[in-house]
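Presented below is the structure to which this report refers.
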Amino acid sequence: MADFDLGAAFIPALHKPAELLPIAKHREALLYLVETSPVTIVVGQTGSGKSTQIPQFLERAGWCADGKIIGITQPRRVAATTVALRVAEEFGCEVGKEVGYSIRFEDVTSGSTRIKFLTDGLLIREALVDPLLSRYSVIMVDEAHERSISSDILLGLLKKIRKKRPDLRIIISSATLQAEDFRNFFSEPKEQKEGPDGKQNDDIASIISLEGRTYPIDILYLETPTENYLEKAISTVFEIHTNEPKGDILVFLTGREEIDQAVQAVAERSAQLRAGSQSILPLPLYAGLPADQQMYVFEEAPENFRKVIFSTNVSEASVTIDGIVYVVDSGFVKLRAYNPRTGIESLTVTPVSKASAAQRAGRAGRTKPGKCFRLYTEETYQSLPDSTVPEIQRSNLAPFILQLKALGIDNVLRFDFLTPPPAELMIRALELLYSLGALDDYAKLTRPLGLRMAELAVEPMMAKTLLSAPSFGCLSEILTIAAMTSLGGNIWIQHEGEKKKTESARWKFAAEEGDHLTLLNVYQAFVTKGRKESRFCHENLLNFKLMERAVSIRAQLKRYLERFGINVDESLAPHSTSAPASNKAEQIRRCLTAGYFAHAARMQPDGTFRNVSGTTVLHAHPSSIMFNRKADWVIFHEVVETGNKTFIRDISRIEKAWLLEYAPEFYKSS
DNA sequence: GAGCACTGC
């Protein structure tokens with residue numbers, strides 16, 4: 001008998017030893033399937049070890065002979081890096097050697113790399129250079145069930161590539177509900193091998209299921225529907241707090257406003273709880289939250305506190321919080337929708353799908369048995385769609401159509417999509433690309449313009465603006481504006497109750513001509529006066545991480561242009577507001593019009609904007625310098641509809657005549 | 001006079 005000292009403090013292992021993971025006992029079966037069938041669909045929950053173990057099994061089984069490599073795609077950058085780090089550690093190598101990763105701005109691979117993790121978008125880009133992805137012996141598409149546009153397109157490409165490269169092995173990792181969809185996709189059209197009983201040909205794609213989770217989760221429904229899920233969520237939190245044993249709570253809501261409201265309400269009500277009992281620590285979590293405030297969510301709650309996290313969908317897949325025992329699911333999510341007729345994107349509160357509800361519930365039982373409180377009835381649950389409408393069916397497809405064309409897929413309408421997007425969406429995208437000059441009368445990619453637009457890592461209208469910039473003599477400035485507008489986030493840090501401060505910080509950089517010139521001023525100040533330091537950002541309430549990112553994006557775009565043989569002259573004096581520069585400002589606005597003519601609007605006497613056809617009322621977004629300012633004609637970067645208002649963001653003044661000058665075809669009838 | 005789900009090249 002071993003002489004255990006039960007009083008000793010045990011330190012839990014940082015990682016579960018690989019041989020204890022459920023996947024270990026499926027190793028032989030898995031390798032057999034990959035050997036014998038071109039496509040293997042692996043069904044397994046988070047924590048089954050599929051992302052970390054499968055690549056190592058394959059490497060040991062000889063799939064990297066002849067210098068070929070194993071590629072594993074992830075939908076997110078963080079996943080690609082963290083999984084690579086972990087596999088490198090298990091493999092016993094430095095990351096970047098036998099095991100590496102590649103994401104935008106960071107290529108941590110070398111000649112000796114055999115197992116490579118990368119984002120799905122980046123693998124599509126690799127196909128531009130190497131159409132058959134010939135370096136890879138196996139490609140594993142991880143988290144395919146999330147159905148991101150990139151992974152959907154990647155699957156379509158892989159299906160095509162497979163026909164020319166029978167040696168290529170494809171592995172798709174998926175959640176249970178959708179495994180059959182993937183198999184059907186790759187098995188179509190049923191080839192001659194179809195059996196006499198009409199049974200589908202299983203030779204192409206096989207499914208293997210890995211053991212699921214270890215801890216059970218109780219699902220509880222409401223007996224009668226609620227009219228106010230926010231209020232119900234708050235009261236449920238208190239019910240759990242008083243009736244259920246220890247364990248943190250995760251509440252799924254739809255957005256920032258709701259979350260802030262809930263956090264405040266819980267803080268107020270818990271203050272009224274009698275002293276002595278355990279207290280509640282309510283915390284918000286959404287992607288827009290500054291990084292330092294997000295950190296609290298991962299820290300252990302102080303003694304005698306129960307952590308309650310009110311979160312958006314970030315916690316459904318992207319972020320994992322330890323110690324969650326209870327999940328409260330509002331049953332709703334904000335989803336992007338795209339109206340092909342107006343070209344307007346909207347964010348709409350939508351009921352979740354069954355798959356999404358399962359994913360949310362699963363967040364409860366990661367470390368011990370858990371409970372999930374669904375704020376809807378079981379009947380409502382039954383009426384929910386099985387899965388969320390894939391992103392590809394509700395997005396602006398122009399950037400992806402451009403990529404497909406550059407990959408040599410001319411007939412995009414007949415591309416083999418996992419689920420085809422509505423024809424209207426495709427037509428709208430083709431029309432836009434045609435008006436920008438990326439496609440010719442036969443819908444063929446133009447050269448060099450269209451091809452270059454496809455290669456630039458910015459959306460088509462900005463790509464056109466960039467490629468037009470040399471003729472306006474403002475390439476250096478447009479490069480900066482392109483980098484700043486493609487950040488996808490607010491560069492201004494908004495502290496609670498300090499709106500005034502943010503506003504005055506912003507006005508220091510304000511340009512009369514609009515937001516694009518203001519962004520240019522901010523960047524110029526950051527790299528010159530601010531010496532790219534965080535102190536400058538701190539003093540001016542700017543998001544340092546985003547500013548650093550802008551520097552990277554700008555450098556990357558500049559490299560692309562130089563590869564096209566376009567010289568970027570940075571020797572000119574930095575932008576200033578002095579007299580000779582005003583001509584430069586006009587050139588910049590003219591150049592922006594050459595790319596953004598489709599996003600033009602005119603201010604009405606009541607201060608709102610109307611698009612050119614006059615059909616849509618648009619409001620300047622409160623984050624814009626043009627908010628509550630007088631203007632006539634403007635162009636804008638993007639339009640977003642929320643609730644019942646349609647906002648335009650990143651706005652600059654232009655002259656009406658410029659629209660006719662740079663887009664005569666587009667505006668000839670008006 | 002008032003506001004933004006989440007990714008990615």
Side-chain angles (χ1 to χ4, degrees), chain A residues 73-80 102-107 118-129 143 146-154 252-260 285-289 311-319 330 332-337 345-350 352 356 388 391-392 394-395 399-400 402-403 406 453-460 462-463 482-483 486-492 494 499-500 502-503 549 552-553 556-557 559-560 606-608 619-624 627-629 638-650:
Chain A
T73 72
Q74 297 288 337
R76 281 169 291 277
R77 294 161 54 97
V78 246
S102 188
I103 56 177
R104 188 182 187 183
F105 308 129
E106 256 183 278
D107 182 12
L118 70 172
T119 46
D120 35 31
L122 202 57
L123 187 60
I124 295 176
R125 293 214 157 244
E126 281 190 12
L128 282 173
V129 186
E143 316 285 356
E146 287 187 20
R147 304 292 309 273
S148 72
I149 296 191
S150 298
S151 80
D152 267 21
I153 287 181
L154 192 55
F252 283 99
L253 295 174
T254 68
R256 171 181 171 167
E257 199 181 347
E258 266 175 24
I259 288 168
D260 288 343
L285 180 65
Y286 42 83
L289 205 65
S311 171
T312 60
N313 238 24
V314 262
S315 315
E316 197 179 297
S318 315
V319 171
S330 65
F332 290 95
V333 63
K334 253 185 210 171
L335 282 184
R336 173 170 50 206
E345 271 188 350
S346 60
L347 285 169
T348 316
V349 175
T350 316
V352 294
S356 192
T388 311
E391 214 182 356
I392 203 166
R394 50 186 171 87
S395 306
F400 301 94
L402 199 54
Q403 267 190 344
M453 282 172 64
E455 287 181 21
L456 282 170
V458 286
E459 41 113 23
M462 188 52 90
S486 67
L487 286 175
N490 193 350
I491 56 163
W492 302 100
Q494 190 110 259
K499 283 184 183 175
K500 285 263 161 61
T502 315
E503 296 247 313
R549 200 175 149 74
S552 307
I553 295 176
Q556 190 193 34
L557 293 175
R559 281 197 301 275
Y560 274 118
D606 66 357
T608 64
H619 299 261
H621 195 276
S623 69
S624 170
F627 184 75
N628 269 351
R629 281 222 200 166
E638 60 176 356
V639 48
V640 173
E641 187 183 308
T642 55
N644 38 19
K645 265 192 181 175
T646 307
F647 293 97
I648 50 178
R649 303 168 53 172
D650 293 338

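All values below come from the heavy atoms of this structure, side chains included, with hydrogens, waters and symmetry mates left out. Order of the sequence lines fixes the chain letters, A, B, ..., with proteins taken first and strands second; residue numbering starts at 1 for each chain.
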Let me know the distance between [atom1] of [X] and [atom2] of [N], rounded to the nearest Å.
X        : N     : atom1 : atom2 : answer
A:Ile648 : B:dA2 : CD1   : P     : 16 Å
A:Glu146 : B:dA5 : CD    : P     : 19 Å
A:Met462 : B:dC9 : CE    : P     : 18 Å
A:Tyr286 : B:dA5 : OH    : C1'   : 13 Å
A:Ile392 : B:dC6 : CD1   : C1'   : 17 Å
A:Glu455 : B:dG8 : CD    : C1'   : 18 Å
A:Leu347 : B:dC6 : CG    : C1'   : 10 Å
A:Gln556 : B:dC9 : CD    : C1'   : 7 Å

Scan [X] against the nucleic acid and name what it touches under 4.0 Å (heavy atoms): base, sugar-phosphate only, or nothing.
X        : answer
A:Thr119 : sugar-phosphate
A:Arg77  : sugar-phosphate
A:Asn628 : base
A:Ile124 : nothing
A:Leu122 : sugar-phosphate
A:Arg104 : base
A:Asn490 : base
A:Phe627 : base
A:Ser623 : base
A:Val333 : nothing

Side chains of A:Arg104 and A:Ile553: closer than 4.5 Å at any heavy-atom pair?
yes
So do the side chains of A:Glu391 and A:Glu146 get within less than 4.5 Å of each other, counting heavy atoms only?
no
In terms of the nearest nucleotide of DNA chain B, which residue is placed more toward the 5' end: A:Leu335 or A:Ala457?
A:Leu335
Residue whose closest nucleotide on DNA chain B lies nearer the 5' end, A:Ser150 versus A:Phe647:
A:Phe647
Side chain of [X] (C-beta onward), nearest among [options]:
X        : options             : answer
A:Pro622 : B:dG3, B:dA5, B:dG8 : B:dG3
A:Val314 : B:dT7, B:dG3, B:dC9 : B:dT7
A:Arg256 : B:dG3, B:dA5, B:dG8 : B:dA5
A:Arg125 : B:dG1, B:dC9, B:dG3 : B:dC9
A:Thr312 : B:dT7, B:dC6, B:dC9 : B:dC6

On the 0 to 90° scale, with breaks at 30° and 60°, tag the A:Phe647-A:His621 ring pair as parallel, tilted or perpendicular.
perpendicular
What residues, two or more places apart in sequence or in another chain, satisfy side-chain hydrogen bond (donor to acceptor under 3.5 Å, both in side chains) together with A:Arg256?
none
Please tell me whether A:Thr254 and A:Glu258 have a donor and an acceptor in their side chains that are separated by less than 3.5 angstrom.
yes
Can you sort out the partners of A:Glu316 under salt bridge (Lys or Arg N to Asp or Glu O under 4.0 Å), two or more places apart, ordered by chain and number?
A:Arg360
